[in-house]
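Since the structure comes first, as structure tokens, the remarks are kept for the end.
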Amino acid sequence: MQQIEVIIENTGERRMVEQGITLADLAGQVQHHCKYPVLCALVNNKITMLDYRLFTPKSVRFVDVTHRQGYRIYITSLCFLLYKAVRDCYPKTVLTIDHWMVSGFFCKIEPFEEGYEMPPQIEMTRTLRNRMAELQQQNLPFITRSMLVSDALQLIKEEPIPATCRLLEGLTQLYIEMHFLGGTPHKWSTRLVPSTGVLTQWDLRPFEAGYLLQCPDPKMPERLDLYQEAPKLFNIFQEHHKWAQLLQASTIDDLNREVRAHRENRLIQVSEALHEKKYASIADLIGQRRDTVRMVLLAGPSSSGKTTSCRRLAVQLSVLGFDVKQLSLDDYFLPREKTPRQANGDFDFETIDALDIPLLNENLQQMFDGKEVRIPTYDFIKGEPFYNDKSIKMREDTILIVEGIHALNPKLTADIDDKLKFRVYVSALTQIALDKQNIIRSNDNRLLRRIVRDNNFRGYSAYATLQRWPSVRAGEHQHIFPYQENADVMFNSALLYELGILRPFAEPLLKMVPQSSEEYAESIRLLSILELIEPIQTKYVPPTSILREFLGDSSFEY
């Protein structure tokens, strides 16, 4: 038997193996180097399932649930397991994966046949949980099959997933990969795990008017991710899903239909109007507390549109008669020599302790006392603050907007009376999906924004942005998300049409990510989403839009 050389990246060894060996057989030889079961592999940095056979020399990295690509296919496979259980137990209903919560997916199960009476929620939860457990114990294989698009359409037309059918009808390729579990077909947006037997950590519980599919903790996958109450986050998701339904743009197929009918300008105008209405309503809430509130604290994760939100909220507050001043927390970084360091010795710019908190609180108190205060400006090249002619003096009708990722952390303004504060949380909580079971995660939306912005204004490649993204996400989980429920109000900065705008900018950048890098797998995944979306011209995007923060040509100064 002819042999080929395979590089096993997990161990750094070069190994001669039989030509035609499956990844599953090879994984069995190196499983002891992985703490958890191997779920898939990066073959030349492309996500590949374990039934793949090696016929030419390859570089292989085996992936378990602790790897970001492994975790993604684990939770997608869990969604397929739930979909299969719903089809088996309640064939007259349809599952909707609505959105990601803090520890799993919020799902709805609704009848698709008129007159069908739904069983009680508790009964359905118990039945579905038992069926999922049965399927998991049977260790059924997840099967991927390449087939003609026309044949795939014939298969899924028998399923209650019309949005998926319409999405496939819009494809231009001849063949696609379809997925099967126990004879049930679907088209999923990622690869899948080898079999149901590896899906050992999950739970299904009643939640609001639906269900919460709980997923494992990505850092400690032998246990479930810790459930956290997030009622404000849940409510803002529900509010924006209603917007999407009103605009008849809940899925990518809906968006594509509007673009093909040349109605994208209407969708943009209404989406932007909804944003403006929300900014105005937030300003009204602040105005109702004008006797006490002197400061608006505005926070949000990377690429959520915080800066534009500051500018647009300032305009709405000005309409109400406020004298609006703005303050960026970026100007309160400590000198470089005082900046905390991470365990590996690198500077930790994500922690709140990288800010000069005593100086900030002193300056704020002086402002509220009516004194004119000189404000530092931070030189990020030299790594030190300096003073110029920038100052703030507050009047009785002045309101101060303080913007930064740590703005909602109580430690930041601990010396300031809480009654003086109004807290706003901004994030891009994507409400458009590929179909009813394949959502687009909000962090993917923000990542695409950041790729475009970093290239336009910082000269970074998509490869560089993808390299930084895991550390950015880790910082958000540690320093931003724990405080989001402290907000008096949340603002969803995602726009229903924006992926169509971002595609022409992000796509060529992602195609330049080198295959020799591990980030290549992430670029391929993002490209597979973008290729389903009809591009939209930027000429329709108004100069005040949040998207202009990432595209350029904004009427605001940054």
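Numbers here are sequence positions counted from 1.
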Practice prompt. Would you please say whether a donor-acceptor pair under 3.5 Å links the side chains of Asn256 and Asp253?
Written response: no
Worksheet item: Got a salt bridge between Glu272 and Arg312, using NZ or NE/NH1/NH2 to carboxylate O under 4.0 Å?
Response: yes
Worksheet item: Between Phe349 and Phe347, what is the ring plane arrangement, given parallel below 30°, perpendicular above 60°, and tilted in between?
Response: tilted
Worksheet item: Which word best sums up how the rings of Phe80 and Tyr83 line up, parallel for under 30°, tilted for 30 to 60°, or perpendicular for over 60°?
Response: tilted
Worksheet item: Step by step, would you call Arg263 with Glu258 a salt bridge (charged side-chain N to carboxylate O under 4.0 Å, His left out)?
Response: CA-CA 5 Å; Arg263 292 193 295 263; Glu258 293 297 297; 3.1 Å; yes
Using atom types as modelled, flag every donor-acceptor pair under 3.5 Å from a side chain in residues 205-212 to any protein atom, sequence neighbours excluded.
none

Practice prompt. If the plane angle is over 60° it's perpendicular, under 30° parallel, otherwise tilted; pick one for Phe380 and Tyr378.
Written response: perpendicular
Practice prompt. Would you mind checking if Arg260 and Glu534 are paired as a salt bridge, meaning a charged N to carboxylate O distance below 4.0 Å?
Written response: yes
Worksheet entry | Val402, Val424, Leu298, Val296 screened by side-chain contact (heavy atoms from CB on, under 4.5 Å) with Cys310, the one that passes | Leu298
Practice prompt. For Ala283, enumerate each residue passing the side chain to side chain contact (heavy atoms under 4.5 Å, CB included) test, keeping only those at least two apart in sequence or located in another chain.
Written response: Leu313, Gln316, Leu317, Leu320
Worksheet item: Going from CG on Leu267 to CD1 on Ile536, what distance comes out if it is rounded to the nearest 0.5 angstrom?
Response: 7.0 Å
Discussion item. Could you tell me if Glu498 and Asn445 have a donor-acceptor pair between their side chains, going purely by distance under 3.5 Å?
Written reply: yes
Discussion item. If only side-chain N and O atoms count, and only distance matters, is there a donor-acceptor pair under 3.5 Å linking Thr190 with Arg525?
Written reply: no
Worksheet item: Closest heavy-atom contact between Arg449 and Gly305?
Response: NH1-N, 4.1 Å
Discussion item. Is a donor from one side chain sitting under 3.5 angstrom from an acceptor on the other, for Tyr425 and Gln484?
Written reply: yes
Item to complete: Identify the heavy atoms of Thr377 and Asp331 that sit nearest to each other, and give their distance.
Response: CA-OD1, 3.6 Å
Discussion item. Can you confirm whether more than 12 heavy atoms, excluding those of Lys46, are under 6.0 Å from its NZ atom?
Written reply: no
Practice prompt. For the residue pair His99 and Phe234, categorise the inter-ring angle as parallel (less than 30°), tilted (30 to 60°) or perpendicular (more than 60°).
Written response: tilted
Discussion item. Here's one to test your reading of the geometry: is the NZ or CZ of Arg266 within 45 degrees of the ring axis of Tyr540 and under 6.0 Å from its centre?
Written reply: no
Discussion item. Would the distance check show the side chain of Asp254 and the main-chain N or O of Ser250 forming a donor-acceptor pair, the cut-off being under 3.5 Å?
Written reply: yes
Worksheet item: So, Ser189 versus Asn438: side-chain donor-acceptor pair below 3.5 Å or not?
Response: yes
Worksheet item: For Leu495, which of Leu547, Thr430, Leu274 qualifies under side-chain contact (heavy atoms from CB on, under 4.5 Å)?
Response: Leu547
Practice prompt. In sequence, state the C-alpha distance, the side-chain angles, and the governing distance for Glu239 and Lys278, and then conclude on salt bridge (charged side-chain N to carboxylate O under 4.0 Å, His left out).
Written response: CA-CA 11 Å; Glu239 175 185 274; Lys278 189 68 176 181; 3.5 Å; yes
